[in-house]
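Just the heavy atoms: all of them, side chains too, but no hydrogens, waters or symmetry mates, feed the values below.
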Amino acid sequence: MKSKRSLRKAPANTVDDPAPGATSFPIVGIGASAGGLEAFKELLENLPINTGMAFVLVQHLDPQHDSALTQILARATRMPVHEIANNRRVQPNCVYVIPPNASLGIAQGVLKLLPRQQTRTPHHSIDIFFEALAQDQQERAIGVILSGTATDGTLGLAAIKAGGGITFAQDHSARYDSMPRSAIAEGCVDFVQPPQEIARELTRIARHPYVAGRWLEAGFHPQQDPASAAAHEDGDAQSTTQQRARRGGSGADAAFRKILMLLRNFSGADFSQYKATTILRRVTRRVLLNKHGTLNDYADFLRGNAKELDALYSDVLISVTGFFRNPEAFDVLKSKVFPKLRQQKGDGPFRIWTVGCSTGQEAYSIAMAFLESGDQASHARKLQIFATDLNEALLAKARQGFYARSLVSDVSPERLRRFFVEEEGGYRVVKSLREMVVFARHNLVGDPPFSHMDLISCRNLLIYLEPHLQQKVLPTFHYALKPGGTLFLGASESIGTFTKLFEPADRKHRIFARKVASTQAVLLPIGKSRGEPSMLQRQ
């Protein structure tokens, strides 16, 4: 199956890796449709001309007619307003406008015009640009959704928020509120305001050290919490620089460790074993949103503040997911991996573990591909999927199996008919499919692993873990798989040095077969449980 939006990239695969093309100033992507021109003019009229930000407008335009949008907007601001030409480098204090009949991307701070594809479905030009912006600029990306019909922009705002950026949606002042309302309902909007208030908030943000990344560039190198680091230091090579930083460190280092400790005490999850730059992006996002100037101020604000601790916990765990992400990889599962599994003897159910399942789209996608692979099989064994995550709120959404129309836009009409029931505002996964998936909270770092699995899907989680923890997770997956089992990783992940445990089944799509080798029964540290159900104990 080919993706309907082949121009898109998968932002979650690289969203927390350094972006070599990131500019030193924020880029504000603004999406608008019907009624959006009036709102954008109001926003520009209330913006100073020297914010240091760049503004890129993606407006739904008639592909068959020339646009006077650039000339109209030039009368609303003294900033230069340009219709975008291909390979134009973005500059601060400028406004850029998409031309008709084009899709827009960005790479290393350079705007890329792409031909608009002809499809039967609505063209999601805002999502395409916002997702590219999130991948290219990370925490320097800002997304704004103004007036418009339908749902374009929702997935793009989710990608920007997941990358550490800031998101806005127009409030009830929107002439047509479908686009902003869709994004707000999906929970990916930080500020809901009228255009003039969005302009004021952007002006404030422009002055904050977080958006220019100066905390990272000023030599702040967040390290593991000392107690946690000591617990995991055995057998792990530690550089002299890291050891010195943990013994002393700047005031920012100490404040960062304090925040991690408060978060661990609140949630039971130790994020000191996740990549420090990843966690720092999520923490400093909350600093900005709460209008604090330093990590130390935010640490003081966080102490005893259950509401903000919960918000920070959700931000740290935020992820971008979707149905059939990297669809070619699912084609390989359907055509090669699942038929091979079906050839194995046995009457018990096929067992699959989906790690970091978020709101459930990947678990349901695997279930759909599995059922489709068995349409011609004479003997259909049952399927049992264990889908786990740390975020209880996301798991609750996953169990409901209800998704807004924007979230199922990449699902084929055939799959929508077979596996979903249309309801007001979206689609719900059919009951028979939902019953194949058990969603439960599980901490990969601290809880005992599952066992006797035919397939483990762990996509775009390893990239967030420190290398020493990756060295423990992969042998644990080997232990959890049956002989002949399969490991399914994300597009930017690999088995590293563990070639004695796994071999490529499809290297391009990150699918690996379990080798026969001995592994220790429990290789990850066992933390204190927060009341997980008994089914999460080793089976």
Side-chain angles (χ1 to χ4, degrees), residues 3 8-20 135 138 162-163 232 235-237 239 273-279 319-322 324-338 340-341 352-358 362-363 365-366 369 387-389 444-445 449-450 453-520 523-524:
S3 172
R8 289 198 196 174
K9 295 180 181 179
N13 292 351
T14 57
V15 77
D16 283 295
D17 295 332
Q135 181 170 353
Q138 300 175 359
H232 299 290
D236 294 330
S239 71
Q273 299 176 75
Y274 286 60
K275 285 186 178 177
T277 51
T278 298
I279 304 303
S319 62
V320 175
T321 186
F324 298 97
R325 291 187 69 220
N326 308 117
E328 294 82 5
F330 279 90
D331 288 343
V332 174
L333 286 185
K334 178 180 172 180
S335 63
K336 297 181 180 179
V337 175
F338 290 149
K340 185 176 179 181
L341 285 178
I352 295 174
W353 180 14
T354 301
V355 185
C357 67
S358 187
E362 181 174 291
S365 297
I366 290 174
T388 63
D389 201 279
L444 178 64
V445 176
F450 291 84
M453 291 291 140
D454 292 286
L455 182 142
I456 295 175
S457 175
C458 181
R459 306 179 73 209
N460 309 313
L461 175 61
L462 296 181
I463 57 174
Y464 298 118
L465 304 180
E466 291 286 3
H468 80 275
L469 190 57
Q470 294 182 20
Q471 297 295 306
K472 296 179 179 179
V473 167
L474 287 164
T476 299
F477 287 158
H478 183 272
Y479 162 76
L481 285 166
K482 291 179 181 177
T486 301
L487 177 64
F488 186 25
L489 298 180
S492 60
E493 297 169 330
S494 73
I495 58 170
T497 60
F498 291 104
T499 54
K500 291 184 179 179
L501 301 182
F502 298 97
E503 61 183 352
D506 189 302
R507 190 184 300 274
K508 178 182 178 182
H509 297 104
R510 301 298 193 268
I511 298 172
F512 301 90
R514 181 190 190 274
K515 282 184 170 182
V516 177
S518 61
T519 48
Q520 193 175 335
L523 295 150
L524 291 175

Which atoms form the tightest heavy-atom contact between [X] and [Y], and what is the distance?
| X | Y | value |
| --- | --- | --- |
| I511 | A329 | CD1-O, 4.1 Å |
| F502 | I495 | O-CD1, 3.6 Å |
| A491 | N460 | N-OD1, 4.1 Å |
| S365 | G322 | OG-O, 4.4 Å |

Sidechain-backbone polar pair: [X] side chain, [Y] backbone, donor-acceptor under 3.5 Å:
| X | Y | result |
| --- | --- | --- |
| Q470 | L465 | yes |
| K275 | I463 | yes |
| D506 | H509 | yes |
| R514 | G484 | no |
| K515 | E503 | no |

- prompt: Among all residues two or more places apart in sequence or in another chain, which pass the side chain to side chain donor-acceptor pair (under 3.5 Å) test with T354?
  reply: none
statement: Those residues at least two apart in sequence (or on a different chain) that pass side chain to side chain donor-acceptor pair (under 3.5 Å) with T486 are none
In Å and rounded to the nearest 0.5 Å, what is the [atom1] to [atom2] distance from [X] to [Y]?
| X | Y | atom1 | atom2 | value |
| --- | --- | --- | --- | --- |
| L489 | S494 | CG | OG | 7.5 Å |
| R459 | S492 | CZ | OG | 10.0 Å |
| Y464 | T278 | OH | OG1 | 7.0 Å |

Side chain to side chain contact (heavy atoms under 4.5 Å, CB included) partners for [X], two or more places apart:
| X | answer |
| --- | --- |
| P504 | R507, F512 |
| L461 | V355, L444, C458 |
| K340 | none |

query: How far apart are the C-alpha atoms of W353 and L481, what are their side-chain angles, what is the distance that settles it, and do they pass the side-chain contact (heavy atoms from CB on, under 4.5 Å) test?
result: CA-CA 9 Å; W353 180 14; L481 285 166; over 6 Å; no
query: Please, which pairs that meet salt bridge (Lys or Arg N to Asp or Glu O under 4.0 Å) have at least one residue in residues 480-494, sequence neighbours excluded?
result: D454-K482
- request: Give a yes-or-no answer on whether the side chains of R510 and N326 include a donor-acceptor pair shorter than 3.5 Å.
  value: no
- request: With side-chain contact (heavy atoms from CB on, under 4.5 Å) as the test, would you mind laying out the steps for V337 and L455 before giving the verdict?
  value: CA-CA 9 Å; V337 175; L455 182 142; 4.1 Å; yes
Sub-4.5 Å side-chain heavy-atom contact between [X] and [Y]:
| X | Y | value |
| --- | --- | --- |
| L462 | L474 | yes |
| F498 | Q471 | yes |
| Y479 | L501 | no |

field: With D389 via salt bridge (Lys or Arg N to Asp or Glu O under 4.0 Å) - residues at least two apart
entry: none
- request: Please assess I352 against I456 for the test side-chain contact (heavy atoms from CB on, under 4.5 Å), listing each intermediate value before the final yes or no.
  value: CA-CA 6 Å; I352 295 174; I456 295 175; over 6 Å; no
- request: Evaluate the side-chain contact (heavy atoms from CB on, under 4.5 Å) criterion for residues S457 and E362: first the C-alpha distance (whole Å), next the side-chain angles of each, then the deciding distance (0.1 Å), finally the verdict.
  value: CA-CA 9 Å; S457 175; E362 181 174 291; 2.6 Å; yes
- prompt: Which residues pass the ring-ring contact (aromatic ring centres under 6.0 Å, His included) test with F330, sequence neighbours left out?
  reply: F324, F488
